[in-house]
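Here the structure comes first, spelled out in structure tokens, and everything after it is commentary.
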Amino acid sequence: MVTAVSDFDRDVTEFRFVEKLGYVENKVPLVASSKRTMSERPKAYLTQKIPVDGTGLTQLQAVCDVNMYDEVEGGQISVSRERLLKDVVGANALILPYPVKVDAELLDAAGSQLKVIATVSVGLDHIDLKECARRRIPVGYTPDVLTDAVAEGTIGLTLATARRHKEGVQAVSGGSWGSTWDSCLYLCGQELRGATVGIVGLGRIGLGVARRLRAFSIGRLMYCGRSPKDYAGEVEAEYVSFDQLLENSDFVIACCSVNPSNHNLFDAAAFKKMKKSAILINTSRGILVDQDALYDALSSGEILRAGLDVTSPEPFPPDHRLLTLPNCLVLPHLGSASMRARHAMVDLAVRNTLAGLRGEPLETPVPI
Ligand code: DGY
């Protein structure tokens with residue numbers, strides 16, 4: 001836990017902290033950086049507040065001048081594009097979460113001294129990687145450290161959607177509970193037990209979901225994706241086509257990464273292929289789902305329910321018609337939102353940043 005210290009004490013305290021964490025082994029030139037004047041230190045710009053009780057900020061402040069946009073408390077998207085284009089000028093390092101867009105305009109605004117970009121996410125669809133590669137700016141991301149959190153969150157959303165928690169919460173807060181608790185089928189939902197579950201994308205997160213699903217005694221597990229995975233046997237998952245998965249699954253869980261070829265993968269035609277009793281869960285990206293087609297499918301009974309952790313756009317407009325449907329549960333992109341995962345993501349992003357500033361290989365570089 002970082003305790004409040006005066007500006008004067010801060011460097012010393014932070015260096016002790018850093019040493020305790022073994023940062024010296026990472027070859028950060030601690031002494032040299034402490035002797036540098038502030039203006040010689042590299043400049044890191046963060047588009048969002050990062051936790052002060054973690055280690056990342058401390059490590060960063062030990063070697064960089066840190067400019068952290070922190071005007072909005074707890075906001076997921078804290079800096080406007082206009083403000084970002086101004087704030088980023090002269091930065092040597094840029095740390096940002098999804099979905100802050102990195103493109104040629106932002107890179108131009110930052111300037112040619114920009115040495116590294118670290119996204120606090122495993123998803124990369126907000127970054128123009130080709131443009132970064134063209135400018136030889138390494139990009140770091142945060143795989144693995146969030147896998148368990150997202151897999152747990154996916155299971156949570158699946159259960160909440162299947163067991164109609166949105167309607168339950170509304171019944172309690174809206175006062176309809178007392179009047180409707182007169183049938184033994186009141187707000188009954190579906191069980192995972194015995195169900196056929198189809199996972200779209202058996203990558204790190206898909207596998208994490210599959211492992212957890214086994215504890216629920218599901219009947220059959222299938223998956224689709226670009227190619228069969230040699231580790232699928234561990235979770236007894238069967239490789240099938242997307243259509244086979246849609247036609248057979250009681251639960252369709254989207255965990256894949258997005259690319260231009262799978263935008264609107266879940267369109268009207270896909271919903272028609274699904275069982276009328278099917279439940280769709282999306283913890284990948286909103287652009288996988290044609291939201292108008294989903295509205296039609298949910299309201300006409302083409303499919304039973306949907307649980308979305310991700311939408312397009314984010315934040316989702318509060319007056320969006322999907323939110324009016326009792327059978328559509330929408331969360332504000334909470335997949336990786338556990339304290340442990342978010343601290344680990346920030347710490348990894350900081351390590352990537354510091355490596356980039358030293359001109360060394362990043363710990364988790366985006367394969368470009
Ligand atoms: C990611 O890491 O890509 C998540 O979706 C953002 O939390």
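Atoms within a ligand are numbered from 1 in the order they appear, just like the ligands themselves. Because the structure is predicted, anything quoted here is derived from the model rather than measured.
The pair Arg212-Asp148 meets the salt-bridge criterion, with a side-chain N (NZ, NE, NH1 or NH2) lying under 4.0 Å from an Asp/Glu carboxylate O. We find that Lys272 and Asp296 are not joined by a salt bridge, their nearest charged nitrogen and carboxylate oxygen being 4.0 Å or further apart. We find that Arg81 and Asp103 are joined by a salt bridge, their nearest charged nitrogen and carboxylate oxygen being less than 4.0 Å apart.
Atoms of ligand 1 found under 4.0 Å from any heavy atom of Ser336, numbered from 1 in the order shown, are 7 (O). The atoms of ligand 1 that sit less than 4.0 Å from any heavy atom of Arg342 are 7 (O). Close approach of ligand 1 to Arg285 is summarised as follows: ligand atoms under 4.0 Å from at least one heavy atom of the residue are 1 (C), 3 (O), 4 (C), 5 (O). Distances below 4.0 Å separate heavy atoms of His333 from the following atoms of ligand 1: 4 (C), 5 (O), 6 (C), 7 (O).
Considering each of Val122, Thr119, Val120, the one bringing a non-hydrogen atom nearest atom 2 (O) of ligand 1 is Val122.
Of the residues listed (Asp125, Asn262, Thr311), the one engaging Arg285 in a side-chain hydrogen bond (donor to acceptor under 3.5 Å, both in side chains) is Asp125, and it is the only one.
Panel note: side chain Arg41, backbone Ala62; a donor-acceptor pair is recorded below 3.5 Å. For the pair Tyr223 (side chain) and Lys229 (backbone), a donor-acceptor distance under 3.5 Å is present.
Of the polar atoms of Leu146, none of the N or O atoms is found under 3.5 Å from an N or O of ligand 1, judged by distance alone. In terms of N/O distances under 3.5 Å, ligand 1 is not approached by Thr142. Considering backbone and side-chain N/O of Tyr98, none are found under 3.5 Å from N/O of ligand 1. The distance criterion of under 3.5 Å between nitrogen or oxygen atoms is met by Gly123 with respect to ligand 1.
Among residues at least two apart or in separate chains, ring pair (Phe, Tyr, Trp, His ring centres under 6.0 Å) pairs with a member in residues 122-156 are Tyr98-His126.
Under the 4.0 angstrom criterion for non-hydrogen atoms, His126 is not in contact with ligand 1.
At a heavy-atom distance under 4.0 Å, atoms from both the backbone and the side chain of Ser121 approach ligand 1.
Applying the side chain to side chain contact (heavy atoms under 4.5 Å, CB included) test to Ala109 and every residue at least two apart in sequence or in another chain returns Leu85, Val88.
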